[in-house]
Amino acid sequence: MGAIRGVWRWRHNPLRRATDLVEAWLALVVLLLVLVAAPVIGSIVGAVAQDTLQRSVREQRADRHVVTATVVKKLKGAEIDPDPDSATARDIRSKVLADWTAPDGTAQHGTVMASLNTPHTGDHFRLWTDQSGHIVARPLDSATATTHAVLAGLGAALLTAGLVDSGRRFVLWRMVRRRYARWDRAWERAGPDWGRTGTGS
């Protein structure tokens, strides 16, 4: 509302300079861009990110499979925290030697991280693998993908608003510098006669 009042106030003001009206219109345009363009750009970026991430979710769910592995033996080594993005973020992962069968039917054997606190020989746990049985990360879930898309849209909207305001500040800075330069030239012209009687200044 302040931008609209600024434009209206300067419309017929006899003290108005050209730059005053430009500043008022600039503030109004920036306000409209922040209120309209930033949300639109944020929505577009969010929608594109949502489509891309949800397609990735579908592809990962198609390519990655859960298999049941059997502990052969626990290996020495410190227990580590799991991937914080996984759904089992509170689990402790232990290094074990395990056997599992790949989705294509081939037998697999190797060192993996098991989501078991105290693994023993014969214990079963779940693994994510590709079709050939190679260990892969848990697929991205739909809710997490949506959260990332929303954050991307919000970030794009805030970035747009920031860029628009930065552009406004740059234009105002240039206008003020030109105004000061004009004042300096005017003072230089008036300087020699300033304060002298009978100069008509």
Side-chain angles (χ1 to χ4, degrees), residues 1-7 22-69 78-95 98 100 102-104 108 110-117 125-177:
M1 295 302 295
I4 297 174
R5 285 197 302 268
V7 172
V22 170
E23 289 180 19
W25 276 108
L26 179 63
L28 180 60
V29 170
V30 167
L31 176 65
L32 293 175
L33 287 175
V34 169
L35 293 179
V36 177
V40 169
I41 291 174
S43 298
I44 292 172
V45 170
V48 171
Q50 174 76 340
D51 289 343
T52 301
L53 290 172
Q54 292 300 335
R55 183 166 53 250
S56 179
V57 167
R58 291 190 295 271
E59 291 172 354
Q60 290 182 11
R61 285 180 176 174
D63 295 337
R64 302 178 186 187
H65 310 276
V66 176
V67 300
T68 301
E79 295 176 337
I80 63 169
D81 292 329
D83 179 3
D85 291 333
S86 70
T88 58
R90 294 184 181 274
D91 293 339
I92 298 297
R93 292 190 174 272
S94 304
K95 186 184 292 186
W100 66 94
D104 64 4
Q108 302 291 326
T111 301
V112 297
M113 301 307 297
S115 55
L116 300 169
N117 290 335
F125 61 96
R126 300 198 315 165
L127 282 178
W128 285 95
T129 72
D130 61 13
Q131 185 66 24
S132 301
H134 300 113
I135 306 298
V136 294
R138 177 188 300 273
L140 182 67
D141 64 88
S142 181
T144 301
T146 299
T147 300
H148 289 323
V150 170
L151 291 175
L154 181 61
L158 292 175
L159 179 61
T160 300
L163 289 174
V164 168
D165 188 58
S166 296
R168 178 189 68 85
R169 291 174 184 272
F170 177 74
V171 171
L172 288 178
W173 175 75
R174 291 295 301 270
M175 290 173 62
V176 169
R177 282 180 59 89

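Just so it is clear, the model here is predicted, and its values are computed rather than measured. Computed over heavy atoms, backbone and side chain alike; hydrogens, waters and symmetry mates excluded.
Contact annotation: the side chain of Thr129 approaches that of Pro103 to within less than 4.5 Å [non-hydrogen atoms, C-beta and beyond]. The shortest distance between side-chain heavy atoms of Thr52 and Arg55 falls below 4.5 Å.
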Solution key, residues 149-175 side-chain donor-acceptor pairs under 3.5 Å, sequence neighbours excluded:
residue	atom	partner	partner atom	Å
Thr160	OG1	Ala156	O	2.8
Asp165	OD1	Arg168	NE	3.0
Asp165	OD1	Arg168	NH2	3.0
Asp165	OD2	Arg169	NE	2.8
Ser166	OG	Gly162	O	2.8

Considering only distance and modelled atom types, tabulate donor-acceptor pairs under 3.5 Å from the side chains of residues 41-51, sequence neighbours left out.
residue	atom	partner	partner atom	Å
Ser43	OG	Pro39	O	2.9
Gln50	NE2	Thr146	OG1	3.3

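Looking at residues two or more places apart in sequence or on another chain, you find a side-chain hydrogen bond (donor to acceptor under 3.5 Å, both in side chains) between Ser142 and Gln54. For Gln131, the side-chain hydrogen bond (donor to acceptor under 3.5 Å, both in side chains) partners two or more places apart in sequence, or in a different chain, are His65. When the side-chain contact (heavy atoms from CB on, under 4.5 Å) test is applied to Val66, the partners found at least two apart in sequence or on another chain are Arg126, Trp128. Remark: Ala102 engages Asp104, Thr106, Gln108 in a side-chain contact (heavy atoms from CB on, under 4.5 Å) (not counting sequence neighbours).
Taking CG from Leu53 and CG from Asp141, the interatomic distance works out to 11.0 Å, rounded to the nearest 0.5 Å.
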### Task
Give the intermediate values and the outcome of side chain to side chain contact (heavy atoms under 4.5 Å, CB included) for residues Asp63 and Asp130.
CA-CA 6 Å; Asp63 295 337; Asp130 61 13; over 6 Å; no
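Trp100 contributes a side-chain N or O that, together with a main-chain N or O of Gly133, makes up a donor-acceptor pair within less than 3.5 Å.
Closest non-hydrogen pair, Leu127 versus Met113, comes out as CD2-O, 4.3 Å. Summarising the geometry of Gln60 relative to Leu140, their closest heavy-atom pair is OE1-N, 2.6 Å, with the distance given to 0.1 Å.
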